[in-house]
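Note that the numbering runs from 1 along the sequence shown for the chain. Counting convention: from 1, in listed order, for ligands and their atoms alike.
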Amino acid sequence: MDYKDFGLVNTTQMFANALAHHYAVPAFNFYNMETLSAIINAARDTHSPVILAVSESALKYMGDDLLRGMIWGLNLKQNENVALHLDHGASFESCVHAIKLGFSSVMIDGSKMPFDANVELARTVTDFAHKYNVSVEAELGTLAGIEDENTHGDSSSYTNPNDVVNFVTATGIDSLAIAIGTSHGAYKRKSDDEELRFDILDEIAKQLPDFPLVLHGASTVPSHFVDTINKFGGKMSNARGIAPDQLRRAVQKNICKINVDSDLRLAFTAGVRKSLAQNPEIFNPREYLTAAKNNMYENCVNEIKNIMNSGK
Ligand code: G3H
Ligand code: 13P
Ligand code: ZN
């Protein structure tokens, strides 16, 4: 299936526009009808391009056919500038599978591999993907993944600016994800004064002027969602994200795709917890899922307007 038949676009023109006009295209992760509908409605209402991101585990959760049915059901037009992107593809086979399903963009994540193996894998994926006009993102440096405040995942390593030109040239990729201090999940920083490494970002942007850079692990972890979750039975103390002004600063320096998943998870969970706690008699899922959808929609609109600057 050709992604154009779904009304999807690849990221080439999206990123060229983002770089030229100093905004970032939001990449929001989805995994069911509620998340997808909140994201697409927010993008449509703000006239923003958007990248619909699907992780391997989210694809498994939805199933290939249901995912394609939902994308088909959006009735996208190419001038809406919507891409369907495989997030953190772990293998060549996984990227090929996504491309054959109709994805217009894939990430091959060899960031934990030695440099040469990462190059080799990204090159192989890019050679294949480009035959179908599908965009490819790869990553240099590694992000820490933090699931909760006690279990910190793998340790991070910042991207080495001296490697980026070699990596981009040798792989032929279309965008590069970099590690400058963000991390996945809702527990990103121990204190409010921890800053991103703008010195590294500046150096990378100097080495790769006009090349699209990507920031993973960029959720802001809005405190009102965390507070609501904690107020209505949740347990998420010390959750802390990236400060919005740090992200706005990064957008001015060639970051033209910003990945957000955790903020939607928080918005969803806050909506469900509050709705069930305040209305203990309800048992129609559409009631508490509406609260979840509304929270996610508001979060996406807010981030498009106040962080990405990608709306019209
Ligand atoms: O960066 C990772 C995303 O947040 C996806 O996570 O594999 O739990 O869907 P997931
Ligand atoms: P967050 O956990 O900060 O939302 O990061 C999401 C992400 O990077 C998806 O690839
Ligand atoms: Zn990520």
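Protein heavy atom at the shortest distance from atom 7 (O) of ligand 1 is S57 OG, 2.8 Å. For atom 6 (O) of ligand 1, the closest non-hydrogen atom of the protein is R265 NH2, 3.2 Å. Counting protein heavy atoms only, atom 2 (C) of ligand 1 is closest to H88 CD2, 3.7 Å. The protein heavy atom nearest to atom 9 (C) of ligand 2 is D87 OD2, 3.1 Å. Counting protein heavy atoms only, atom 8 (O) of ligand 2 is closest to G217 N, 2.8 Å.
Using a 30° and 60° split on the angle between ring planes, F92 and F128 fall in the perpendicular class, above 60°. A parallel orientation is assigned to the rings of H21 and Y23, their planes being inclined by less than 30° (bins at 30° and 60°).
A donor-acceptor contact closer than 3.5 angstrom is absent between the side chains of S237 and N230. Side-chain atoms of D45 and N41 form no donor-acceptor pair, as typed in the model, at a separation below 3.5 Å. A donor-acceptor pair shorter than 3.5 Å cannot be found between the side chains of E298 and N294.
When side chains are defined from C-beta on, E56 counts as touching L86, because their heavy atoms get closer than 4.5 Å. You'll find the side chain of S37 reaches within 4.5 Å of the side chain of K293, heavy atoms only.
Atoms of ligand 2 found under 4.0 Å from any heavy atom of K188 (numbered from 1 in listed order, with element): 1 (P), 2 (O), 3 (O). Those atoms of ligand 2 with a heavy atom of N29 less than 4.0 angstrom away are 9 (C). Of all the atoms in ligand 2, the ones that sit under 4.0 Å from a non-hydrogen atom of V260 are 4 (O). Under a 4.0 Å criterion applied to the non-hydrogen atoms of S55, ligand 1 contributes the atoms 5 (C), 7 (O), 9 (O), 10 (P). Close contacts of ligand 2 with H216, meaning ligand atoms under 4.0 Å from a residue heavy atom, involve 8 (O), 10 (O). Each of the atoms 3 (C), 4 (O), 5 (C), 6 (O) of ligand 1 lies under 4.0 Å from some heavy atom of D261. Shown in contact with G185 at under 4.0 Å from a heavy atom are these atoms of ligand 2, numbered in order with element: 2 (O). Numbered from 1 in the order shown, with element, the atoms of ligand 2 that lie under 4.0 Å from a heavy atom of H88 read 10 (O).
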Assess whether side chain to side chain donor-acceptor pair (under 3.5 Å) is satisfied between N29 and T35, documenting all intermediate values. CA-CA 8 Å; N29 287 69; T35 39; over 6 Å; no

CA sep, side-chain torsions, deciding dist, call: H184, N259, side chain to side chain donor-acceptor pair (under 3.5 Å): CA-CA 10 Å; H184 291 112; N259 287 17; 5.9 Å; no

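Geometry at the Zn ion (ligand 3): NE2/H184 and ND1/H216 form an angle of 130°, nearest 10 degrees.
At a heavy-atom distance under 4.0 Å, no atom of L143 approaches ligand 2. At a 4.0 Å heavy-atom cut-off, ligand 2 touches A218 through the backbone alone.
A salt bridge links R123 with D127; the closest basic N to acidic carboxylate O contact falls under 4.0 Å. The residues K257 and E137 are annotated as salt-bridged, a charged nitrogen and a carboxylate oxygen being separated by less than 4.0 angstrom.
An N or O contact shorter than 3.5 Å is missing between H216 and ligand 1 by distance.
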